[in-house]
Structure formats: structure tokens, C-alpha cells
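This report refers to the structure that appears directly beneath it.
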Amino acid sequence: MSAGTNLVVPVVLWGKSAPTHCISCIFLSRDQRTLVTGCHDGQICLWQVDPDTLQMIPRCLLVGHTAPILCLARVSVVSDNNYIVSSSESGEMCTWDLVDGKCREVVKLPYVHTNMQAYHMCGSDDIRLFCNGYYAEVLIMDPFSLEVLFTLSSRMSPDWICALHVLRPAKRKDDVILGLTTTGMVKVWTLQGNESKATEPHYEHESKQIRCLNALSMSCCGGNQRTVVIVCAKYWQIYDAGDFSILCSVQAPRSERWISADFLSTDRVIAWSDEGKGYMYKLPAKKLKGLVFSSVADNKEFHSAATESDTPFLYCVLAVPNDRPMSCPPAMRYHEVSRSGKVQKYLLRGDSDGAVVVWNIPEVTNSQLAQIKQEEFDKPPGMPPTMSTSLTKAWAAMQPSPVGILDQLERGGTPRVPLTASMYLPQQSRLVVGREDGSIIIVPATQTVMLHLLHGNHQQYDDWPPHQRLIGHVGRVNCLLYPHLVHPRYERAHLVSGGVDFAVCLWDLYSGTLLHRFCVHAGEITQLLVPPNNCSTRVQKCICSVASDHSVTLLGLTERKCVVLASRHLFPVVTIKWRPLDDFMIVGCSDGSVYVWQMETGHLDRVLHGISAEEVLYACDENTSTATAGDSGLANPAVHFFRGLRHRNLSAIRHATQRGIHQLQQLSHHNQQDGSLQQKGRAMPLMIQGLRTNPKDPESHILCFDIEALIVELLTEEYGAMSPGSLEAQGLINQSEYEKVFALTQSASPDAGKKIAGILAKMKEGAETMQTKIQAKAESVGLRASDKSSE
């Protein structure tokens with residue numbers, strides 16, 4: 001991992017509890033060595049698989065999506081190509097490297113895909129992604145660049161494409177795309193391989209209305225391309241691809257809904273339901289008679305041979321014994337993998353508990369089917385899963401178990417308290433952690449990391465490292481803020497916390513005392529923010545707090561009172577933007593509405609909806625650089641003065657007048673102050689970032705070690721401990737080089753690593769030269785002594 005030009009090594013402290021992983025989609029690589037599971041929280045987990053035993057170990061957690069993962073697909077026709085593509089509910093698409101977990105490409109499209117089918121088109125060197133979802137077209141994309149190559153449009157009854165399948169008919173060199181709309185319109189596109197955006201639009205060649213609404217999936221049989229299975233929630237049906245006439249249908253089991261289905265062979269179908277069960281069916285022989293070798297001419301004779309009593313025969317159920325109810329439908333997928341010349345068939349399932357279940361589907365002969373049918377079971381025989389695992393089982397099997405950042409507080413039978421919020425203070429090298437019981441723990445970060453990562457005598461101490469406990473909240477601590485870390489205009493000793501008890505607490509970081517308790521909100525505090533530096537002087541000493549009652553406040557830390565209360569929002573607040581040039585605080589809500597508040601007067605300026613609201617939020621992002629230009633970018637105090645007159649707000653009139661005088665007084669030396677703030681800060685050897693994959697999970701922590709900054713820090717301490725001129729006296733470095741090293745240790749520039757490496761090389765050469773001289777002198781002295789003894 002690298003940040004800019006620096007090498008950063010991350011280490012994760014997960015804690016005793018496994019992260020929540022509610023699986024939404026599942027995928028198995030072609031070499032059967034990597035299983036990929038996407039979850040509703042936006043993370044992707046990579047599992048290392050043993051192809052022989054199917055045993056799995058969670059190897060990597062990929063964090064990048066901000067919405068639930070809807071579909072996964074492979075990238076290349078090469079079996080050892082270790083790349084996949086993921087798509088989320090917000091239109092994000094990422095290409096991931098399965099070896100090191102890096103994201104190679106990412107885009108955000110105005111399309112939400114519900115299905116991605118990887119297919120090797122004719123005339124193409126690699127795979128193309130055929131995507132359908134909440135839009136009326138079919139998108140064909142490059143999986144590496146994530147570029148839309150061309151689209152397939154509808155001429156007749158355009159609507160969302162809910163099911164899609166791509167195939168290449170036998171003895172033909174073109175590709176056929178079967179699409180099914182939500183209203184039941186079947187569409188057929190034929191591609192020659194030379195399509196592009198320049199040749200658009202590409203309309204369907206055939207279309208037909210069938211009685212199939214809101215289909216979930218569609219799949220064509222590989223051995224018999226004249227049979228197509230279409231799955232709806234209440235039934236799945238077999239269709240003749242020649243004229244799309246229905247051949248047979250199967251209703252969903254009681255209290256269950258179908259999710260999808262696929263062909264095991266030309267006469268076998270496997271379907272799975274939202275209860276996490278798989279059902280294997282034998283299709284009726286009369287329905288399939290002649291289909292494999294028939295043509296369109298004998299289609300009429302084939303259909304006349306069918307009878308109404310011919311229904312598919314259920315001969316096996318794939319289920320988990322004693323399976324408990326799940327909070328959401330599981331993600332299931334059928335995979336065929338060719339290994340050692342033999343095709344292996346798997347049914348994969350991932351559920352809301354993070355458990356992965358795999359069934360290895362055996363071959364069932366016709367004689368075995370006949371025996372099952374003769375025995376007339378009340379219920380078809382069931383087959384238990386071949387393998388079952390979960391993140392919880394993997395956590396329990398680890399020896400030693402994963403450690404957390406505050407495990408030292410749980411010694412001696414102390415009950416474990418989940419961590420809910422954390423913040424690292426690099427200047428003080430202290431870690432502030434909020435917990436479920438309302439307490440806030442402050443520990444020295446370096447000693448805490450040593451306790452968990454390094455072995456030594458310090459692990460035997462019961463009271464090491466020392467910690468500080470702040471008691472003031474009643475219930476969970478949701479968020480923490482150290483304003484001085486954002487901007488030095490705030491007091492260095494001020495720490496702010498927000499909890500589930502509707503309160504915002506102001507603490508003295510060094511003495512641990514509670515300075516003030518703000519009780520303004522009527523809901524739990526969800527977020528704490530710092531306003532921009534170029535706001536009015538009245539707002540510059542405030543912090544912004546957001547609560548679950550849809551209210552937003554500006555709390556004055558110096559005045560110890562609420563400056564602005566914005567509480568007219570009808571929906572939850574999702575974003576806060578700033579327009580300091582106009583003295584506006586922009587509040588965006590979950591329904592898309594935007595509220596514009598005046599920070600100086602505390603009045604609601606206007607409420608926007610639709611495109612106007614989006615334009616205002618976009619304008620705030622565009623003017624971010626302008627808003628941080630300094631005091632010269634502040635809104636004219638006269639504007640606030642007239643606003644105060646209009647609203648009859650004496651406090652606003654007084655603050656506007658004082659601010660105008662303050663601007664005139666501070667205008668002369670503003671440039672010097674601004675230049676001092678723009679100096680580059682020194683890189684920190686250690687940064688600690690809290691990580692929570694789900695709001696219900698205790699917080700984990702990522703330790704980021706900056707190697708260059710760590711070397712600079714070590715050199716600084718080493719040279720600080722030496723007496724002046726010690727290196728020069730030994731001949732290892734001259735005065736000018738010592739000054740260079742000391743200067744580099746004081747400023748961690750991006751190329752400092754190269755310069756330090758050069759100076760260290762010179763020091764090493766000097767040390768080697770000195771050692772050579774000493775050895776030569778010792779040898780000469782030894783020779784002289786031997787000569788004298790011989791005489």
C-alpha cells in the first residue's frame with residue numbers, strides 16, 4: 001500500500017468478534033481456488049479454497065463500494081486470470097485483482113446493474129460484459145477499462161430488461177442475445193462482432209409477448225439450445241426457443257419463492273428458493289423427445305405429443321439440516337467447473353450470517369431415478385452440503401485469536417465492552433476510544449501497539465499501558481471530534497463527543513474533566529463536523545453536530561451555547577455542505593431535498609427539491625477551493641447586517657458590525673498568517689484509523705506504518721541522543737552532511753527517502769573505510785611485534 005510516494009504498511013486489529021458479512025452475491029473462480037462473496041454493506045470477501053476438499057479460509061476483505069454489491073463476474077477467458085468485476089446498487093463498478101486485493105479500475109455510471117454475464121463475443125480477443133438492470137437497454141462493456149462499448153436498444157415496447165442470456169447457436173458465427181422485459185416481452189438481438197458506438201442504434205430483430213411478468217432469470221440449455229428456463233417468483237417454466245411456447249411449469253413450494261434456476265443437463269434442472277434450498281428436477285421425456293435433433297419443421301408434431309399430466313419430477317432436495325430462519329434471502333449460484341477433464345457441478349450459497357455452503361452435485365443415473373420414483377417417498381430425499389463455513393467459525397479456529405486495540409482492559413474476567421468510536425491524535429500520540437457503555441478511554445498509542453504486536457516483558461504488566469477514563473455519557477458513544485486537529489483556531493485541550501443520550505459533551509483532554517454538556521438535540525448524535533476556516537468569526541469557534549431527529553446545530557465551544565439550531569428537516573440528514581462566501585450552511589436530506597440555512601442569523605433561507613437541489617450541492621463542491629481562499633473570501637459583513645435588519649435580529653447586527661471592524665484590523669497581517677498555515681506538516685510514522693463494516697459491529701482498527709516517516713523519526717532520535725560532532729570525530733560524516741541529515745529529519749519531503757538513502761550510503765562507506773584502516777593498522781602492529789619476538 002502506498003500513499004503518494006511513501007510506502008505505507010497496514011496492519012488490522014480485528015478484535016475478538018468477526019465482522020458482519022451479510023452476503024448478497026457469490027462467485028467461484030474457474031480454478032476453484034478463490035471464492036468471492038459480496039455483502040449488503042459494500043465489502044467483498046476473498047476466500048482461499050482448497051480445490052480437493054473445498055475447505056475455505058477468509059483471506060482478504062476488499063473495501064471500496066458504498067452500497068450493496070449486486071453482481072460479480074469474471075474478466076478474462078484465461079482460466080488463471082485473477083480479476084473480477086463487481087457492481088453495486090449505487091452504480092459503482094470496480095475491477096479487482098484477486099491476488100493482492102487492489103482495485104485496478106473504478107467508475108460510477110448512471111446505470112444500476114442487476115445482472116452481469118461474462119461472454120466471449122465473436123471477433124473479440126477477450127470477454128465482454130453484458131449488463132442489464134434498472135434501465136431499458138443492454139450494455140456491452142469492457143471489463144478492464146469499464147467502458148461502455150455499445151448498447152442494445154428496443155424498438156418495440158421498450159422497458160427494463162429483467163432477464164438476459166447470451167449464446168452462440170451451433171454452426172453459426174454470430175451471437176444471439178435473449179432479453180426479457182419486466183412486462184413479458186421477449187427480445188432477440190443478433191450480433192456479428194463489428195458493433196460499436198458508431199454503428200448505433202442496435203435494435204432487436206425479433207420480439208414476442210409471453211405470459212411472464214417480472215422474471216428473475218433466464219437461462220438456455222448448453223446441450224440443447226431449443227430449451228429455455230425462465231424463473232419468476234411463483235413458478236419456473238420451460239420454453240421452446242423456436243417460438244417461445246411453454247412446455248412445462250413448476251410452482252414454488254409452499255411459503256417459498258424461486259430465485260433462479262439452471263440446466264444440469266439436457267433433461268435435468270436445478271432451481272433454488274429464497275429459503276436457501278435447491279431442488280433438482282427430471283424433465284418429462286415426452287416434452288423433450290426429439291428436441292435435441294429436431295428442427296423447426298417438426299415443431300408442431302413435437303408439441304402435439306405433449307399431455308397435461310407430464311410434469312417435471314422432483315428427485316432430490318439440497319438443504320442444510322436444522323437451518324434456522326434468515327433475515328434476508330441468501331445469495332445462491334450454480335457453477336460448472338472443468339477440472340482434470342471432468343466437469344464438476346456446484347451449488348453455492350451465502351447467507352445473512354456470513355456462512356458459505358457448498359453442495360457438490362453428483363451424477364444421478366436414470367436407473368437411480370426410476371428407483372426413487374418407485375419407492376414413492378412422501379418427501380424427496382435430501383442431500384446435506386459438502387462443505388459449510390463462516391467468518392465466525394474462522395475467527396473461532398484462529399490460534400491465537402485476533403486481538404483488539406483495547407484487549408488489555410479485559411483481563412481478570414472483566415466483561416468485554418464493544419468499541420463504538422475512535423480517533424487518533426498524532427501530535428500527542430494518543431488514541432481516544434468511545435465504548436458501548438458510554439465511557440471514553442484514552443491510551444498512549446505507541447505503547448498500546450507494542451502491547452499487541454511485540455513480545456516482551458511489558459506484556460506481563462497488569463497496569464501497562466496507563467489509560468484515562470472519561471465518564472459522562474449515558475449509553476453508547478457514537479462519534480468523537482478533536483477540533484484542533486482539523487484547524488489550530490480551536491483550543492488544544494478541547495475534545496468533543498456525541499452519544500446515544502442526545503448529548504454533545506465538551507471535555508478537557510488533559511485533565512479529563514467534563515467542561516460542558518450540550519442538550520439541544522432530541523435524538524442520538526450521529527456526526528460531528530468542523531465548519532470551514534473562512535466562515536464568520538461567530539461560527540469559527542463552533543462545531544456542527546447532526547442528530548437522528550433530523551436536526552443540525554452549530555455549538556459554540558467558547559460561548560458554551562447553541563448558536564444555530566436547524567430542526568425543520570422532514571427526513572434524515574445525509575450531507576452537510578458549506579457556502580462561507582454567502583454565509584450558507586447547506587443541509588441535504590435522504591429524500592433529495594436541500595435546506596439552505598443562514599449561519600449568521602440562523603434563519604432558513606429556502607428549501608429546494610429535484611434538479612435545483614442537485615445543482616446547489618454540485619455548486620458547493622465546485623466552490624470548495626474558493627471557499628478556502630482566506631478571509632478575503634468571506635461574505636460582506638454588510639450582507640449580514642441587512643439580513644439582521646430584515647429579521648430584526650439584534651445579535652446578528654452586532655456580530656456583523658464586529659466582524660466588519662475585525663476584518664479591517666486583520667487585513668494587514670493576514671497574508672503572513674495564511675502563509676504560516678500553508679506550511680507542510682510533518683508526516684506521521686503511525687496513523688490509526690477506525691474501521692467498521694456494519695453499524696452493529698464493534699470497531700476494528702487499521703494501523704498504518706509510514707516507512708519513510710518512521711526512518712526519519714528514528715534518525716531524529718538517534719542524532720538527538722548523540723553529542724555534537726560525534727560522527728565527525730569518527731570520520732563517518734562531515735559537518736555539511738550532518739546538517740543535511742538533520743534537515744531531512746525535520747521535513748519529511750516526498751523524496752526524502754532517496755536523499756536519506758544516499759547519505760546513509762556515504763556513512764556506510766565511511767564506516768567501512770574506517771574499519772579497513774583499523775584492521776590494516778592492527779595487522780601492521782602485529783607484524784612488528786612478531787619481528788621483535790623473532791629477533
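None of the values given here were measured: they were computed from a predicted structure.
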- Task: Assess whether side-chain contact (heavy atoms from CB on, under 4.5 Å) is satisfied between L46 and W96, documenting all intermediate values.
- Result: CA-CA 11 Å; L46 304 183; W96 303 91; over 6 Å; no

- Heavy-atom closest pair (C221 atom, T266 atom, distance to 0.1 Å) is SG-CA, 3.8 Å

- Item | Side chains of T389 and W47 in contact at under 4.5 Å (non-hydrogen atoms) | yes

- Task: Side-chain contact test, heavy atoms from C-beta onward, threshold under 4.5 Å: evaluate it for P698 versus K16 and give yes or no.
- Result: no

- Is it true that a side-chain atom of S390 and a backbone atom of G354 form a donor plus acceptor pair closer than 3.5 Å? no

- Message: What I'd like to find out is whether the side chain of E105 reaches to under 4.5 Å of the side chain of S145, using heavy atoms alone.
- Response: no

- Task: Side-chain contact test, heavy atoms from C-beta onward, threshold under 4.5 Å: evaluate it for C94 versus H65 and give yes or no.
- Result: yes

- Query: Which heavy-atom pair separates T183 from Q209 by the least distance, and what is that distance?
  - Reply: O-NE2, 2.8 Å

- Task: Establish, from distance only, whether the side-chain atoms of T20 and D697 form a donor-acceptor pair under 3.5 Å.
- Result: yes

- side-chain contact (heavy atoms from CB on, under 4.5 Å) assessment of M687 paired with D706: CA-CA 8 Å; M687 290 298 295; D706 191 319; over 6 Å; no

- Query: T693 side chain to P19 main-chain N or O, any donor-acceptor pair under 3.5 Å?
  - Reply: no

- Which pair of heavy atoms, one from V358 and one from M56, lies closest together, and at what distance? CG2-CE, 3.6 Å

- Task: Say whether, by atom type as modelled, one donor and one acceptor occur between the side chain of W272 and the main chain of L348 under 3.5 angstrom.
- Result: no

- Query: Are the side chain of S88 and the backbone N or O of A67 linked by a donor-acceptor pair below 3.5 Å?
  - Reply: no

- Task: Please step through side-chain contact (heavy atoms from CB on, under 4.5 Å) for the pair D50 and M387, ending with a clear verdict.
- Result: CA-CA 11 Å; D50 186 348; M387 190 282 308; over 6 Å; no

- Query: In Å and rounded to the nearest 0.5 Å, what is the NE2 to CD1 distance from H40 to I23?
  - Reply: 9.5 Å

- Message: Would the distance check show the side chain of D353 and the main-chain N or O of A355 forming a donor-acceptor pair, the cut-off being under 3.5 Å?
- Response: no

Show me, pair by pair, the donor-acceptor contacts under 3.5 angstrom made by side chains of residues 146-162, not counting sequence neighbours?
from	atom 1	to	atom 2	distance (Å)
T151	OG1	E200	OE2	3.2
D159	OD2	T182	OG1	3.2

- Message: I'd like to know if the side chain of T95 reaches the main chain of P143, judged simply by a donor and an acceptor atom lying under 3.5 Å from each other, with no hydrogens or angles considered.
- Response: yes

- Query: So how far is it from D126 CG to S76 OG, rounded to the nearest 0.5 Å?
  - Reply: 4.0 Å

- Under the side-chain contact (heavy atoms from CB on, under 4.5 Å) test, residues paired with S273 that sit two or more places apart: E256, W258, E275, K277, Y279

- Task: Show your working on side chain to side chain donor-acceptor pair (under 3.5 Å) between Y239 and Q237 and close with a plain yes or no.
- Result: CA-CA 6 Å; Y239 283 84; Q237 298 173 332; 2.5 Å; yes

- Before accepting this row, confirm whether a basic side-chain N of the pair D274/R257 lies closer than 4.0 Å to the acidic partner's carboxylate O. no

- Item | Residue pair C212, C232: steps toward the side-chain contact (heavy atoms from CB on, under 4.5 Å) verdict | CA-CA 8 Å; C212 185; C232 297; 3.2 Å; yes

- Message: Please find the pair of heavy atoms, one from V77 and one from R30, that lie closest to each other, and give the distance.
- Response: O-NH1, 2.8 Å

- Contact summary for M332 and G276, nearest pair of heavy atoms: SD-CA, 3.7 Å

- L347 pairs by side-chain contact (heavy atoms from CB on, under 4.5 Å) with which of T386, V357, L318? L318

- Query: Applying the side-chain contact (heavy atoms from CB on, under 4.5 Å) test to V269, which of D262, I238, L264, V250 qualifies?
  - Reply: I238

- Query: Out of K345, K342, R268, which one pairs with E363 under the salt bridge (Lys or Arg N to Asp or Glu O under 4.0 Å) rule?
  - Reply: K345

- Test of ring centre spacing under 6.0 Å for W236 and Y281: yes

- Nearest heavy-atom neighbours spanning M93 and L109: SD-CD1, 3.9 Å

- Query: With a 3.5 Å cut-off and no angle check, do the side chains of Y346 and Q32 form a donor-acceptor pair?
  - Reply: yes

- Which value, rounded to the nearest 0.5 Å, describes the distance between L213 atom CG and I210 atom CD1? 9.0 Å

- Message: When you compare the side chain of S590 with that of V574, does any pair of heavy atoms fall below 4.5 Å?
- Response: yes

- So H335 and F27, would you call those rings parallel, tilted or perpendicular, with 30° and 60° as cut-offs? perpendicular

- Below 4.5 Å, heavy atoms only, C-beta onward: do F263 and L283 meet side chain to side chain? yes

- Could you tell me whether D323 and R349 have a side-chain N and a carboxylate O separated by less than 4.0 Å? yes

- Query: Are any non-hydrogen side-chain atoms of L61 and W14 less than 4.5 angstrom apart?
  - Reply: yes

- Does D41 use its side chain to pair, donor to acceptor, with the backbone of Q43 at less than 3.5 Å? no

- Task: Check whether any side-chain heavy atom of L13 sits under 4.5 Å from a side-chain heavy atom of L703, and report yes or no.
- Result: yes

- Please answer whether the main-chain N or O of M121 pairs with a side-chain N or O of S124 as donor and acceptor at a distance below 3.5 Å. no

- Would Y135 and H113 count as a ring pair (Phe, Tyr, Trp, His ring centres under 6.0 Å) if you check the C-alpha gap in whole Å, the side-chain angles of each, and the deciding distance to 0.1 Å? CA-CA 8 Å; Y135 46 89; H113 310 314; 5.7 Å; yes

- K282 side-chain N/O to L369 backbone N/O, donor-acceptor pair under 3.5 Å: no

- Query: For G193, does its backbone N or O pair with a side-chain atom of E195 as donor and acceptor, under 3.5 Å?
  - Reply: yes

- Note on the structure: When rounded to the nearest 0.5 Å, the distance separating CD1 of I84 from SG of C71 is 11.0 Å

